[in-house]
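Following: one structure in structure tokens, then a few remarks.
Atoms within each ligand, like the ligands themselves, are counted from 1 in listed order. Throughout, residue positions are numbered sequentially from 1 according to the sequence presented.
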Amino acid sequence: MMTLRKQAAAFVLGLLCTQAGLAASVVDGQRIYNQYCIGCHGPGGNSAIPNAPHFSRGERLMQPDMMLLMTIKSGKMMMPSFNGILRDQEILDVIAYLRTLQR
Ligand code: HEC
């Protein structure tokens, strides 16, 4: 039988692994951005079309990840919905990447 200390250690380890699994990946985010977003939001977040925010200037990024996630999933005006195209984790990866673009 496991001692209480071993159980506690296993519990903490589990928590750490879960956190690591949920952590957004900027590297994956960049790959996804270059595939799905760059056409409008431009290389490095310098918008390529009128009306699309410049992430290089931090535009529209002053909101929580969960708000951005909802907007990207549902789409907005000229921006298509990515619901069913990208998984939530992938969208969170892209958001992490967007947050690195501000100059
Ligand atoms: C077809 C062009 C197009 C594509 C592709 C596109 N966007 Fe957009 N996006 C826009 C436009 C235009 C807006 C501004 C919408 C508005 O407010 O009128 C926008 C707005 C946004 C916003 C700001 C939302 C807000 O709260 O106002 C975010 C964040 C965003 N896009 C992220 C992304 C991501 C991430 C991708 C790729 C997965 C992506 N976009 C793909 C055109 C596009």
Side-chain angles (χ1 to χ4, degrees):
M1 216 183 109
M2 263 205 221
T3 66
L4 199 59
R5 250 177 88 184
K6 272 190 186 154
Q7 273 179 354
F11 177 71
V12 170
L13 193 67
L15 274 185
L16 289 175
C17 293
T18 312
Q19 287 296 314
L22 286 176
S25 159
V26 172
V27 175
D28 288 348
Q30 179 170 27
R31 182 179 46 74
I32 296 161
Y33 181 91
N34 289 341
Q35 188 174 351
Y36 294 97
C37 323
I38 203 167
C40 296
H41 291 286
N46 295 301
S47 166
I49 62 161
N51 302 325
H54 292 263
F55 300 128
S56 56
R57 297 183 203 148
E59 285 174 10
R60 312 277 182 98
L61 296 181
M62 300 284 280
Q63 40 180 325
D65 286 1
M66 287 305 142
M67 293 278 293
L68 292 169
L69 174 76
M70 300 288 278
T71 308
I72 295 165
K73 278 179 88 164
S74 57
K76 190 173 183 186
M77 309 292 279
M78 281 179 59
M79 178 161 82
S81 158
F82 286 93
N83 198 15
I85 298 172
L86 296 174
R87 285 177 289 119
D88 285 10
Q89 181 65 55
E90 294 176 306
I91 297 175
L92 291 172
D93 290 345
V94 185
I95 293 170
Y97 174 65
L98 298 184
R99 295 200 187 283
T100 69
L101 295 176
Q102 191 168 358
R103 294 284 166 256

- Query: Between Arg99 and Asp65, is there a salt bridge with N-O shorter than 4.0 Å?
  - Reply: yes
- Report yes or no: do Met66 and Phe55 belong to one cluster of Ile/Leu/Val/Met/Phe/Trp/Tyr joined by side chain heavy-atom distances under 4.5 Å? yes
- Co-members of the apolar cluster containing Met70 [side chain, <4.5 Å]: none
- Query: Can you pull the residues with any heavy atom under 4.0 Å from ligand 1?
  - Reply: Tyr36, Cys37, Cys40, His41, Asn51, Ala52, Pro53, Phe55, Arg60, Gln63, Leu68, Thr71, Ile72, Lys76, Met77, Met78, Met79, Pro80, Phe82, Leu86, Val94
- Does Arg87 have any salt bridge (Lys or Arg N to Asp or Glu O under 4.0 Å) partners at least two apart in sequence or in another chain, and if so, which? Glu90
- Task: Please identify each residue that fulfils ring pair (Phe, Tyr, Trp, His ring centres under 6.0 Å) with Phe82, with sequence neighbours left out.
- Result: none
- With hydrophobic residues grouped by side-chain heavy-atom distances under 4.5 Å, do Ile85 and Met79 end up in a single group? yes
